[in-house]
Amino acid sequence: MSEKELQDLVQQRKKKLQAIVDLGFEAYPRKYDVTHSVPQILRENSALAAEELAARKISVRVAGRVMTIRPHGKAGFAHLAGGGQRLQVYVRLDAVGERDFELYRLLDLGDLIGVEGYLFRTKTGELTVHAEHLQFLAKALLPLPEKWHGLTDVEVRYRQRYLDLMVNEEVRTVFERRGLLVCAIRDFLEAEGYLEVETPMMQPLAGGAMARPFVTHHNTLDINLFLRIAPELYLKRLIVGGLDRVYEINRNFRNEGISTQHNPEFTMLEFYQAYADYHDMMDLTERLLRRAAQAVLGSVEFDYCGQRISFAKFERLTMKEAIVKFWPATAAPGPALDDLAEPEAVFRWVAAYDEWAKQPESGAEPLPREEGKAPGMALAELFEAVAERHLIQPTFIVDYPLEVSPLSKQKPEDPNFVERFELYVAGMEIANAFSELNDPGEQRDRFEYQQFLREKGDLTAHAIDEDYVRALCYGMPPTGGEGIGIDRLTMLLTNSRSIRDVILFPLLRPEKHGG
RNA sequence: GGGCCGGUAGCUCAAUGGUAGAGCACUGCCCUUUUAAGGCAGGGGUUCUGGGUUCGAGUCCCAGCCGGCUCACCA
């Protein structure tokens with residue numbers, strides 16, 4: 001069986017490890033004092049010519065993972081991987097001595113070693129460490145994936161991310177960019193006067209969004225708790241408490257489906273600014289995203305899945321305008337803006353859309369029908385079906401229906417709509433923001449409507465949070481708030497098609513062991 | 001959850017229903033500036049699992065497991 005075969009390979013390598021120990025090397029030494037990292041050596045010396053390197057004889061001590069081995073009798077080469085880059089090492093018997101050369105001959109791909117020596121350029125011009133001493137640091141008992149094709153099996157890549165990171169260099173870049181992105185966001189918000197805070201991940205009520213939660217249990221208190229679906233209601237409590245600009249970057253958990261755009265746990269930036277409204281948040285978002293792209297890519301333009309995306313300009317459309325603009329060309333004529341003025345009118349257009357969607361060549365599906373569906377809900381569904389995938393360049397969709405926005409403030413001139421926007425890029429929802437509802441009486445009414453939906457069977461409807469209403473009763477300043485999906489933003493900035501490619505350990509079914 | 005696709009050596013991939021193969025990796029030997037190093041010789045398989053059809057199954061059928069894409073739900 002393959003188990004047995006693998007055991008043979010492991011046995012071979014264990015024998016070599018013993019041979020290395022027999023040479024007097026420690027099997028698992030404690031540390032190695034490096035003077036340089038691999039990228040540092042490459043960076044500092046890439047401009048130096050062979051003669052200059054020979055004259056200066058720069059000494060280095062560097063460590064890394066052996067990625068290639070090319071022995072040539074009494075000499076040989078290897079490439080050491082470290083810090084995402086590779087540095088060549090030249091080992092010759094007369095330079096390192098018999099013991100270290102014997103170690104070189106016992107090395108397997110994947111082993112970790114330290115090399116002490118001086119820099120030079122080979123005949124072919126490659127910057128190389130001329131080894132004078134080798135140190136064994138750790139053994140790879142299991143063989144590395146193939147050096148040329150790398151590791152392509154996506155399942156193994158996700159389950160054994162360490163292997164993916166070792167052999168697929170671009171994977172490291174993705175997560176380095178993700179780190180840069182988060183760093184740039186923090187810098188930006190700090191400069192805007194925001195305070196970073198942390199609020200509960202385990203909550204007695206899962207509020208702040210419409211989603212089904214995970215449940216867990218605390219033994220000592222003997223209570224069920226929900227993993228949070230959003231930090232929103234806690235962050236706004238902090239606004240009530242006088243922390244006028246707060247943000248949190250942390251995980252949310254939603255017990256929903258898994259797709260290329262959804263992982264059950266995902267990272268959200270949420271930020272709240274007192275005395276601001278949703279227009280301020282739009283302006284802030286534009287500046288934030290430009291800054292982030294600049295920090296990560298050095299540009300506000302980038303390619304994503306064959307499209308050129310630019311953060312230089314952000315479109316703004318109302319939800320109704322988007323429906324009018326992107327009404328399917330092959331369907332019967334769609335609504336003009338005035339045709340959507342009356343709330344109930346939307347049902348006529350849903351019917352018209354369904355008529356089109358029923359035709360197989362439309363490639364679409366009719367919208368879900370329910371008795372007594374609120375017009376605002378139907379409008380939002382129609383928008384998603386008609387417009388969402390066409391929103392490639394950054395577009396703020398503004399003015400959401402009241403019924404799908406239990407925490408947002410109404411528009412003064414039209415109480416059926418709220419001061420809310422979502423930002424779409426590449427057909428993906430990236431951000432969601434609104435002027436926060438701070439009228440406790442109105443908030444209670446909204447919660448009660450949600451409760452009504454819940455009792456009708458909508459498990460994603462918002463639960464009533466009495467303490468949150470109480471907090472509002474102490475007075476919350478007018479506030480703008482926003483959430484930005486960090487994973488999706490990372491997808492954009494790394495040209496990743498799947499959210500799993502920007503999450504180090506995406507959720508998969510547990511691996512079966514031992515059969 | 002539905003639909004479609006996939007699972008063969010450690011890795012990347014072949015193999016009309018008729019003896020399971022290649023490259024890399026691995027083992028042994030040669031080689032003191034190579035770089036997908038090279039040369040010679042070798043070892044390695046419950047073809048995801050379980051049933052079925054067949055003289056004969058990696059290949060066809062059924063069920064299951066795992067994954068990918070997609071739709072639904074959502075962000």
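So that the names make sense, note that chain A is the first sequence line, chain B the second, and so on, each numbered from 1.
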K.L.:
Roughly, in whole Å, what's the span from CD in E482(A) to C1' in A75(B)?
P.N.:
13 Å

K.L.:
Got a sec? Which of residues 159-171 of chain A come in under 4.0 Å of RNA chain B, heavy atoms?
P.N.:
R159(A)

K.L.:
Sticking with atom P, work out how far U47(B) lies from A57(B), rounded to a whole angstrom.
P.N.:
12 Å

K.L.:
Nearest-nucleotide wise, let me know which of P145(A) and K123(A) is further upstream toward the 5' end of RNA chain B.
P.N.:
P145(A)

K.L.:
Show the nearest heavy-atom pair for residues A463(A) and L205(A), with the distance to one decimal.
P.N.:
CB-CD2, 3.9 Å

K.L.:
With a 4.0 Å limit, can you tell me whether T260(A) has a side-chain N or O closer than that to the phosphate oxygens OP1/OP2 of G68(B)?
P.N.:
no

K.L.:
Compute both the distance and the angle, then confirm whether R420(A) meets the cation-pi test with Y400(A): under 6.0 Å from the six-membered ring centre, within 45 degrees of the axis.
P.N.:
yes

K.L.:
Per the salt bridge (Lys or Arg N to Asp or Glu O under 4.0 Å) rule, which among E198(A), E248(A), E270(A) passes with R228(A)?
P.N.:
E248(A)

K.L.:
Could you give the distance separating C40(B) and A25(B) at their P atoms, to the nearest angstrom?
P.N.:
15 Å

K.L.:
For A75(B), take OP1 and OP2 only and decide whether either is under 4.0 Å from a side-chain N or O of R488(A).
P.N.:
no

K.L.:
Tell me what G257(A) touches on the nucleic acid: a base, only sugar-phosphate, or nothing, going by heavy atoms under 4.0 Å.
P.N.:
base

K.L.:
Residues in side-chain hydrogen bond (donor to acceptor under 3.5 Å, both in side chains) with Y247(A), at least two apart?
P.N.:
E190(A), E196(A)

K.L.:
Taking a pair as Watson-Crick or G-U wobble with both distances under 3.5 Å, which nucleotide is matched to A25(B)?
P.N.:
none

K.L.:
If we take the P atom in both G43(B) and A37(B), what is their distance in whole Å?
P.N.:
24 Å

K.L.:
How would you label the contact of K16(A) with the nucleic acid (heavy atoms, under 4.0 Å): base, sugar-phosphate, or nothing?
P.N.:
sugar-phosphate

K.L.:
If we ignore hydrogens and angles and just use 3.5 Å, is the side chain of D164(A) paired with the main-chain N or O of V171(A) as donor and acceptor?
P.N.:
no

K.L.:
Take atom P in A72(B) and the same atom in G23(B), then report the distance between them in whole Å.
P.N.:
47 Å

K.L.:
Report which part of the nucleic acid F120(A) touches: base, sugar-phosphate, or nothing (heavy-atom distance under 4.0 Å, all strands).
P.N.:
base

K.L.:
Where along residues 65-73 of chain A does a heavy atom come under 4.0 Å from RNA chain B, residue by residue in number order?
P.N.:
R70(A), P71(A), H72(A), G73(A)

K.L.:
C62(B) and C5(B): how far apart are their P atoms, nearest whole angstrom?
P.N.:
12 Å

K.L.:
Report each atom pair, protein N/O against N/O of nucleotides 12-15 of chain B, whose distance is under 3.5 angstrom.
P.N.:
{"from": "U12(B)", "atom 1": "OP1", "to": "T152(A)", "atom 2": "N", "distance (Å)": "3.1"}
{"from": "U12(B)", "atom 1": "OP1", "to": "T152(A)", "atom 2": "OG1", "distance (Å)": "3.2"}
{"from": "U12(B)", "atom 1": "OP1", "to": "D153(A)", "atom 2": "N", "distance (Å)": "3.0"}

K.L.:
Run through I484(A), L289(A), L269(A) and flag the one making a side chain to side chain contact (heavy atoms under 4.5 Å, CB included) with I185(A).
P.N.:
L269(A)

K.L.:
How long is the line joining CD of E126(A) and C1' of U34(B), in whole Å?
P.N.:
9 Å

K.L.:
What is the pairing partner of G67(B), taking Watson-Crick or G-U wobble pairs with both distances under 3.5 Å in any strand?
P.N.:
C5(B)

K.L.:
Check every atom of U27(B), U32(B), A75(B) against the side chain of D108(A) and return the nucleotide holding the closest atom.
P.N.:
U27(B)

K.L.:
Compare every heavy atom of L109(A) with every heavy atom of R13(A), then report the nearest pair and how far apart it is.
P.N.:
NH1-O, 3.3 Å

K.L.:
Measure across P401(A) and L379(A) and return the closest heavy-atom pair with its distance rounded to 0.1 Å.
P.N.:
CG-CD2, 3.9 Å

K.L.:
It should be established whether R500(A) places a side-chain nitrogen or oxygen under 4.0 Å from OP1 or OP2 of nucleotide G68(B).
P.N.:
yes

K.L.:
Identify the nucleotide, in any strand shown, that forms a Watson-Crick or G-U wobble pair with A36(B), with both distances under 3.5 Å; if there is none, say none.
P.N.:
none

K.L.:
Just to be sure I understand the rule, does M428(A) reach a base, reach only the sugar-phosphate, or reach nothing, if contact means heavy atoms closer than 4.0 Å?
P.N.:
nothing

K.L.:
Is the backbone of F120(A) close enough, under 3.5 Å, to the side chain of K57(A) for a donor and an acceptor to pair up by distance?
P.N.:
no

K.L.:
Looking for any heavy atom pair under 4.0 Å, which part of the strands does L144(A) touch: base, sugar-phosphate only, or nothing?
P.N.:
nothing

K.L.:
Any idea which heavy atoms bring V96(A) and H133(A) closest together, and the distance?
P.N.:
CG1-N, 4.2 Å

K.L.:
For D487(A), which of N263(A), D501(A), I503(A) qualifies under side chain to side chain contact (heavy atoms under 4.5 Å, CB included)?
P.N.:
I503(A)

K.L.:
Name the nucleic acid region contacted by E422(A), choosing base, sugar-phosphate or nothing; use a 4.0 angstrom heavy-atom cut-off, strictly under.
P.N.:
nothing

K.L.:
From the set U27(B), U32(B), G67(B), return the single nucleotide nearest to any side-chain atom of V154(A).
P.N.:
G67(B)

K.L.:
Select base, sugar-phosphate, or nothing to describe what N263(A) touches, counting heavy atoms under 4.0 Å on all strands.
P.N.:
base

K.L.:
Please confirm whether the backbone N or O of D458(A) pairs with a side-chain atom of T460(A), one donor and one acceptor, at under 3.5 Å?
P.N.:
no

K.L.:
When you compare A9(B) with C24(B), how far apart are their C1' atoms, in angstrom units rounded to a whole number?
P.N.:
12 Å

K.L.:
For R92(A), report the nucleic acid contact type (base, sugar-phosphate, nothing); a contact means any heavy atom under 4.0 Å.
P.N.:
base

K.L.:
Which atoms of nucleotides 4-7 of chain B (N or O only) lie under 3.5 Å from a protein N or O atom, and what are those distances?
P.N.:
none

K.L.:
Is the phosphate of C11(B) approached by K147(A) (side-chain N or O, under 4.0 Å from OP1 or OP2)?
P.N.:
no

K.L.:
D94(A) has a side chain; which of A25(B), U32(B), U33(B) sits nearest to it?
P.N.:
U32(B)

K.L.:
For the base of U34(B), is there a side-chain donor-acceptor partner from Q88(A) under 3.5 Å away?
P.N.:
yes

K.L.:
Decide yes or no for V398(A) and M282(A): does some side-chain heavy atom of the first lie under 4.5 Å from some side-chain heavy atom of the second?
P.N.:
yes

K.L.:
Is any side-chain heavy atom of F77(A) closer than 4.5 Å to a side-chain heavy atom of Q88(A)?
P.N.:
yes

K.L.:
If we take the P atom in both G1(B) and A14(B), what is their distance in whole Å?
P.N.:
30 Å

K.L.:
Could you measure between the two C1' atoms, the one in A15(B) and the one in C26(B), and give it in whole Å?
P.N.:
24 Å

K.L.:
Output the distance between atom OH (Y118(A)) and atom CD (E132(A)), rounded to the nearest 0.5 Å.
P.N.:
6.0 Å

K.L.:
Choose from C69(B), G10(B), A75(B) the nucleotide whose nearest atom is closest to any side-chain atom of S498(A).
P.N.:
C69(B)

K.L.:
Can you tell me the Watson-Crick or wobble partner of C55(B), both distances under 3.5 angstrom?
P.N.:
G18(B)

K.L.:
Ring centres within less than 5.5 Å and planes less than 30° apart: is that true of W148(A) and G23(B) in this structure?
P.N.:
no

K.L.:
Between E436(A) and T479(A), is there a side-chain donor-acceptor contact under 3.5 Å, judged purely by atom types and distance?
P.N.:
no

K.L.:
If you only use heavy atoms from C-beta on, which nucleotide in U34(B), C73(B), A75(B) is closest to the side chain of P368(A)?
P.N.:
C73(B)

K.L.:
Going by side-chain hydrogen bond (donor to acceptor under 3.5 Å, both in side chains), name the residues that satisfy it together with E146(A), two or more places apart in sequence or in a different chain.
P.N.:
H149(A)

K.L.:
Could you point out which residue of W327(A), W349(A), Y424(A) forms a ring-ring contact (aromatic ring centres under 6.0 Å, His included) with F383(A)?
P.N.:
Y424(A)

K.L.:
More 5' along RNA chain B: L508(A) or R212(A), using each one's nearest nucleotide?
P.N.:
L508(A)

